[in-house]
Participant: 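Got a structure for you, questions after.
Remember, predicted model here, so these are calculated numbers, not experimental data. Counting starts at 1 for both ligands and their atoms, in listed order.
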Amino acid sequence: MSTIRTIIAGTGSYLPARVMTNDDLSKIVETTDEWIVERTGIHSRHIAADGELTSDLALAAARAAIADAGIDAQEIDTIILATTTPDYTFPATAVTVQAELGLHHGAAFDIQAVCSGFVYALTIADTFIRTGQSKTALVIGAETFSRLLDWTDRTTCVLFGDGAGAVVVKGAAGEGTNADRGVLTAHLHSDGRYKDKLYVDGGPSSTQSTGHVRMEGREVFRHAVVNIAEAITESLAATGLNADDIDWFVPHQANKRILDGTAKRIGLPPEKVVLTVAEQGNTSAASVPLAFDTAVKDGRIKKGDLVLLEAMGGGFTWGSLLLRF
Ligand code: ACO
């Protein structure tokens, strides 16, 4: 049966120039390179320069994705930007990107699902395209997460970094089978009972300030492995595919131990897992598109490959998405 599929037409990413190593962090808080590497797999992360905003990172990634897609930016009719660190409380950071790209048509908006933001945003774009609301969409995950960190709290400040990733997606005719290019299935979840396990202790309505990240690390870890594995199983069941069919697993880069645990649970060999956490840390909504672009540009992900995306973040929110590149 013929159908419309949402295909990835181009990918792009951007990382701020400044690199902060674990040794740099050990001068700020009581920690060691050894502790951070052993517990998280993180060696370094990028930190945005003073005055460098989420919209700047997003725009750089967006321009790279548009160039990669080989389209005129004017073709874009929808911009969905996933972020937890918008430039301002409002307007949406997406409208700044829209203006900088010289676009005055279509819709641009932000979505907030913390680290799951990009998987949420791509799922929304897929729905827009399949229902005819959009023909060509720009989907971005961008964060200056360093601005939410309490630099005196060693249990959180060692984990995160800044960056942005983007994809251009377009509608294309498919046969309605798993051989089609494009998004094959997506599954989103949230459970607000856990909203105090990982949160920011400020906001416009509560404190009229931005606040800092607070986290019960062990609890997050415990839920992450279980929730992510369940969402992946859901994507495989919906398509009738199994773990052996997956060419590349592009997970949210929270912590290498979470990713190792998840891959093992679903029976994926480590060589199929795209890992960027060592050099980037956890960049929240940016981590999936950053990892995706890395593996496309270095030639690992090729046209026709089956790629599994997943993410989990504060809320809790989580989800998985299966696509053929
Ligand atoms: N350096 C040195 N010691 C530290 C540090 C640090 N940076 N941070 C904590 N410690 C100490 C603690 O104080 C504690 O000391 P104590 O035993 O004297 O009390 C000890 O290390 C062990 O602390 P735990 O919190 O129990 O360490 P754990 O093994 O759970 O690792 C970690 C902590 C890495 C945060 C882990 O729980 C984790 O990865 N959780 C998942 C969190 C995550 O990835 N969040 C990202 C957002 S959510 C998402 O994206 C999925």
Side-chain angles (χ1 to χ4, degrees), residues 20-45 82-85 112-120 141 143 145-146 148-163 165 188-192 194-201 211-232 249-263 265 273 275-278 280-291 309-320:
M20 186 186 270
T21 65
N22 292 345
D23 285 338
D24 294 334
L25 270 167
S26 71
K27 293 175 190 124
I28 302 171
V29 286
E30 203 181 321
T31 191
T32 60
D33 176 58
E34 194 188 3
W35 191 96
I36 300 171
V37 171
E38 191 193 312
R39 305 286 176 125
T40 72
I42 300 168
H43 292 258
S44 59
R45 69 288 292 143
T83 190
T84 303
T85 47
Q112 160 60 301
V114 206
C115 299
S116 310
F118 183 79
V119 174
Y120 268 62
E143 302 278 15
F145 214 86
S146 61
L148 288 180
L149 297 175
D150 174 352
W151 291 99
T152 65
D153 176 10
R154 67 177 183 176
T155 68
T156 52
C157 76
V158 303
L159 301 174
F160 298 92
D162 300 335
L188 303 180
H189 294 277
S190 58
D191 189 340
Y194 301 102
K195 65 185 166 66
D196 56 354
K197 303 291 178 206
L198 173 56
Y199 68 104
V200 165
D201 60 4
H212 293 116
V213 173
R214 306 292 173 210
M215 178 178 73
E216 289 180 34
R218 285 201 168 203
E219 278 293 288
V220 175
F221 193 105
R222 201 166 62 79
H223 285 277
V225 177
V226 176
N227 290 350
I228 292 165
E230 277 178 14
I232 291 169
F249 177 40
V250 184
H252 166 51
Q253 311 282 320
N255 177 320
K256 189 170 181 302
R257 280 161 60 216
I258 294 178
L259 303 186
D260 290 345
T262 307
R265 220 177 159 104
V273 184
L275 284 176
T276 51
V277 68
Q280 297 174 10
N282 179 348
T283 57
S284 184
S287 92
V288 171
L290 265 163
L309 312 184
E310 65 77 4
M312 148 126 185
F316 292 138
T317 57
W318 68 99
S320 71

Participant: Quick one: ligand 1 N/O to protein N/O pairs below 3.5 Å?
Facilitator:
from     : atom 1 : to     : atom 2 : distance (Å)
ligand 1 : 1 (N)  : Thr31  : OG1    : 2.6
ligand 1 : 3 (N)  : Trp35  : NE1    : 3.4
ligand 1 : 7 (N)  : Thr31  : OG1    : 3.1
ligand 1 : 7 (N)  : Arg154 : O      : 2.9
ligand 1 : 13 (O) : Arg154 : NH2    : 2.9
ligand 1 : 21 (O) : Trp35  : NE1    : 3.4
ligand 1 : 26 (O) : Arg218 : NE     : 2.7
ligand 1 : 26 (O) : Arg218 : NH2    : 3.0
ligand 1 : 27 (O) : Arg39  : NH1    : 3.2
ligand 1 : 29 (O) : Arg39  : NH1    : 2.6
ligand 1 : 30 (O) : Arg218 : NE     : 3.2
ligand 1 : 37 (O) : Gly217 : O      : 3.3
ligand 1 : 39 (O) : Asn255 : ND2    : 2.4
ligand 1 : 40 (N) : Gly217 : O      : 2.9
ligand 1 : 50 (O) : His252 : NE2    : 2.8
ligand 1 : 50 (O) : Asn282 : ND2    : 3.2
ligand 1 : 50 (O) : Met312 : O      : 3.4

Participant: Does a side chain donor of either Ser287 or Gln280 reach within less than 3.5 Å of an acceptor in the other side chain?
Facilitator: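 Ser287 vs Gln280: no donor-acceptor pair found between side chains.
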
Participant: Could you pull out all residues at least two apart from Ala291 that satisfy side-chain contact (heavy atoms from CB on, under 4.5 Å)?
Facilitator: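 Ala291 satisfies side-chain contact (heavy atoms from CB on, under 4.5 Å) with Val250, Gln253, Val274, Thr276 once adjacent residues are dropped.
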
Participant: Do Asp162 and Ser146 have a side chain donor and acceptor closer than 3.5 Å?
Facilitator: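 Side chains of Asp162 and Ser146: pair found under 3.5 Å.
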
Participant: Apply side chain to side chain donor-acceptor pair (under 3.5 Å) to Asn22 and list each qualifying residue two or more places apart in sequence or on a separate chain.
Facilitator: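 If we apply the side chain to side chain donor-acceptor pair (under 3.5 Å) test to Asn22, skipping adjacent residues, the hits are Asp33, Arg45.
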
Participant: Minimum heavy-atom separation for His223 to Met312, with atom names?
Facilitator: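 So the minimum-distance heavy-atom pair works out to CB-CE, 4.0 Å.
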
Participant: Partners of His43 by side-chain contact (heavy atoms from CB on, under 4.5 Å), sequence neighbours excluded?
Facilitator: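 In terms of side-chain contact (heavy atoms from CB on, under 4.5 Å), with neighbours along the sequence ignored, His43 is linked to Val37, Ala278.
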
